[in-house]
Amino acid sequence: MRLKPLSKYVLKCPRCGYEVEPSPYIMRCPRCGELLDASIIAEKIRIKWGELRGRGVWRYRDLLPELNGVITMSEGSTPLIRLRAYPNAYVKFEGANPTGSFKDRGMTVGVSLASSLGVRGIIVASTGNTAASAAAYSARAGIECMVVLPKGGVAKGKLGQALLHGARIVEVPGTFDNALEYVLSTVLESGSAGNASYYPLNSINQWRLEGQKTIAYEIVEEVGVPDYVFVPVGNGGNIYAIWKGFRELMELNIIDKMPKMIGVQASGAAPLVKYWRGLGEARVDKPSTVASAIRIGKPINWYRAYRAVKYSNGFFIDASDDEILMTQRVLGREGVGVEPASAASLAGYMKALREGVIDPSNNVVLIATGHALKDPDALLRDSVHTVSISSIDELKALIMGRSIIDV
């Protein structure tokens with residue numbers, strides 16, 4: 001079934017080459033089971049890159065599904081912040097999106113599509129950011145939202161957001177991987193979700209990823225094509241989507257080179273680093289890291305992420321929890337507040353510099369996927385600057401640089 005809103009696309013299997021007309025419901029290749037790519041048909045694209053209007057994700061509507069009644073909260077157009085400590089590095093601060101993470105870019109497209117299909121609601125498994133974003137955008141659309149979470153494995157800030165926006169929370173034992181298995185087993189049958197009253201909007205859904213590729217578009221508009229783009233990797237959909245955005249601009253002759261895509265994982269949850277190094281399949285049975293947003297052991301988009309890195313001549317790198325928390329503080333001292341998973345991009349960059357894999361003169365964009373307030377517990381681990389006083393004189397002593405013990 002070819003829907004007009006998706007008519008500028010064809011669904012392609014990157015493994016066996018199978019092609020099928022676009023559908024909101026077909027997400028896996030019916031022949032080999034691989035996740036399908038939503039490939040733009042270049043001949044059908046009419047875009048004047050230098051004459052774009054509006055702001056945010058829907059500024060690029062000519063490169064997105066043609067949806068009426070778009071569900072939007074002006075997501076996108078996030079800051080690109082140059083670092084003092086590393087003058088050739090910029091932070092793409094996705095924490096400035098409406099719910100504080102990059103997921104809003106995908107949800108504006110995914111929820112708009114779901115709403116147009118007339119489904120009862122949407123359903124997602126989540127480590128937290130997807131839950132918050134799905135809940136907010138479904139509330140905006142006036143449809144239901146069911147969120148399946150690993151019990152005890154979601155940061156309080158994100159869980160609170162999902163509750164605030166009226167999501168129905170379902171907790172399951174285990175990790176995110178178990179939560180996603182519940183969702184996919186319930187909603188997807190034989191590669192199709194067509195009989196479900198709840199539309200799945202995890203990153204298995206290629207149409208949600210179409211919103212996330214706009215990160216690449218914004219980078220190009222602001223600083224051109226960087227040498228490297230560092231992306232925290234959990235389930236693997238975002239690094240693929242960003243690479244896809246750059247690749248589309250190449251196909252449309254808007255840019256003439258590609259950046260190298262660098263996937264950064266936490267050392268305790270690094271299945272793609274393991275696979276990249278030839279140490280086995282892209283799977284870790286018991287992922288463990290303080291960076292809960294990327295605490296994923298079986299990334300469903302592993303092959304998408306692998307292709308993004310391989311075909312851009314990039315690499316995967318890991319960072320320890322200590323390195324991630326240290327770089328979170330480094331960014332904080334620059335005025336940029338991110339959750340631990342976001343800091344992984346800077347941790348990976350600093351490690352790559354130390355190992356001589358890249359040069360300090362290279363132009364780099366670090367994707368900061370979520371706001372610091374997403375995980376307030378992580379922020380409160382560092383209490384070295386907290387001092388308790390009981391009088392004005394003690395405050396005066398602190399201002400003057402004297403010990404309050406002497407007051």
Side-chain angles (χ1 to χ4, degrees), residues 1 3 6 9-41 64-65 102-103 105-107 109-110 113-114 122-127 130 134 148 176-194 196 198-213 215-216 231 233-248 261 263 265 271-272 275-276 281-283 294 296-312 316:
M1 175 179 63
L3 294 182
L6 308 178
Y9 293 91
V10 62
L11 294 179
K12 292 184 179 181
C13 178
R15 281 193 184 273
C16 72
Y18 180 85
E19 292 189 11
V20 63
E21 291 187 344
S23 164
Y25 300 113
I26 302 174
M27 299 172 196
R28 287 192 183 277
C29 175
R31 182 186 292 166
C32 73
E34 185 54 64
L35 296 181
L36 295 169
D37 292 339
S39 298
I40 277 184
I41 302 170
L64 297 172
F102 74 97
K103 303 286 188 178
R105 293 179 182 269
M107 287 301 166
V109 176
L113 178 58
I122 63 171
I123 184 170
V124 295
S126 180
T127 57
T130 297
V148 183
F176 166 83
D177 302 304
N178 301 110
L180 183 59
E181 183 179 353
Y182 273 65
V183 170
L184 299 185
S185 297
T186 303
V187 179
L188 297 182
E189 296 180 5
S190 302
S192 172
Y198 283 86
Y199 188 60
L201 277 180
N202 278 103
S203 56
I204 187 176
N205 188 312
Q206 63 269 38
W207 306 112
R208 198 197 90 181
L209 296 180
E210 286 300 279
Q212 292 168 214
K213 72 183 181 182
I215 292 174
V231 187
V233 174
N235 219 14
N238 203 35
I239 192 169
Y240 161 81
I242 297 170
W243 168 72
K244 183 178 188 289
F246 284 113
R247 190 184 65 177
E248 287 175 352
M261 304 298 300
Q265 296 197 291
L272 276 157
Y275 182 80
W276 185 257
E281 62 180 313
R283 173 174 179 159
I294 53 175
I296 295 172
K298 296 182 286 184
I300 198 165
N301 292 293
W302 77 268
Y303 189 56
R304 283 173 168 167
Y306 172 75
R307 287 161 51 216
V309 169
K310 179 181 179 181
Y311 296 145
S312 67
F316 286 97

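Quick note: residue numbers are just sequence positions, from 1. These values consider heavy atoms only, across backbone and side chains, with no hydrogens, waters or symmetry-generated copies.
Between the CG atom of D177 and the NZ atom of K298 there is a distance of 5.5 Å, given to the nearest 0.5 Å. Separation of atoms NZ (K244) and OG (S39) is listed at 6.0 Å; rounding is to 0.5 Å. In this structure, CG in L184 is found 5.0 Å from CD1 in I204, a value given to the nearest 0.5 Å. For the atom pair T130 OG1 and R208 CZ, the distance stands at 4.5 Å (nearest 0.5 Å). Summarising the geometry, atom OH belonging to Y199 is positioned 13.5 Å from atom CD1 belonging to I123; distances are rounded to the nearest 0.5 Å. Here the straight-line distance linking atom CG of L209 with atom CG of L201 works out to 10.0 Å at 0.5 Å rounding.
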Using side-chain contact (heavy atoms from CB on, under 4.5 Å), reason through Q206 and L35 one step at a time and then give a plain yes or no. CA-CA 8 Å; Q206 63 269 38; L35 296 181; over 6 Å; no
side-chain contact (heavy atoms from CB on, under 4.5 Å) between Y311 and R247, intermediate numbers included: CA-CA 10 Å; Y311 296 145; R247 190 184 65 177; over 6 Å; no
Checking side-chain contact (heavy atoms from CB on, under 4.5 Å) for the pair E21/L6: CA distance, chi angles, key distance, verdict? CA-CA 9 Å; E21 291 187 344; L6 308 178; over 6 Å; no
Applying side chain to side chain donor-acceptor pair (under 3.5 Å), run through E210 and Y9 and close with a yes or a no. CA-CA 11 Å; E210 286 300 279; Y9 293 91; 2.7 Å; yes
Donor-acceptor pairs are to be reported for all side-chain atoms of residues 234-242 against protein atoms at under 3.5 Å, with residues two or more places apart or in another chain.
| from | atom 1 | to | atom 2 | distance (Å) |
| --- | --- | --- | --- | --- |
| N235 | OD1 | I300 | N | 2.9 |
| N238 | OD1 | Q212 | NE2 | 3.1 |
| Y240 | OH | D37 | OD1 | 2.8 |

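Of all heavy-atom pairs spanning F316 and A305, the tightest one is CZ-O, 3.7 Å. Considering all non-hydrogen atoms of both residues, V148 and A179 come closest at O-CB, 3.7 Å. Contact record, R105 with I215: NE-CG1, 3.2 Å, taken as the closest heavy-atom pair. Heavy atoms only, all atoms of each residue included: E34 and P14 are closest at CG-CG, 3.9 Å. Closest of all the heavy-atom pairs between G33 and R28 is O-NH1, 2.9 Å. A pairwise comparison of heavy atoms in M261 and V231 identifies CE-CG2, 4.0 Å as the closest pair.
Under the rule for a side chain to side chain contact (heavy atoms under 4.5 Å, CB included), the partners of Y18 that lie at least two apart in sequence or sit in another chain are C13, C16, V20, C29, P30, R31. Among residues two or more places apart in sequence or in another chain, the salt bridge (Lys or Arg N to Asp or Glu O under 4.0 Å) test is passed with E181 by none. Considering only residues two or more places apart in sequence or on other chains, N301 meets the side-chain hydrogen bond (donor to acceptor under 3.5 Å, both in side chains) condition with S203, R304. Applying the ring-ring contact (aromatic ring centres under 6.0 Å, His included) criterion to F246, with sequence neighbours excluded, gives no partner residue. Partners of Y275 according to the ring-ring contact (aromatic ring centres under 6.0 Å, His included) rule, which considers only residues two or more places apart in sequence or in another chain, are W302, Y306.
Here the side chains of K213 and I40 are in contact, with some heavy-atom distance below 4.5 Å. Side-chain contact between Q265 and P271 is present, with at least one heavy-atom pair separated by less than 4.5 Å. Between M27 and P200 the shortest side-chain heavy-atom distance falls below 4.5 Å.
Side-chain N or O atoms of S185 include none that pairs as donor or acceptor with a backbone N or O of Y182 at under 3.5 Å.
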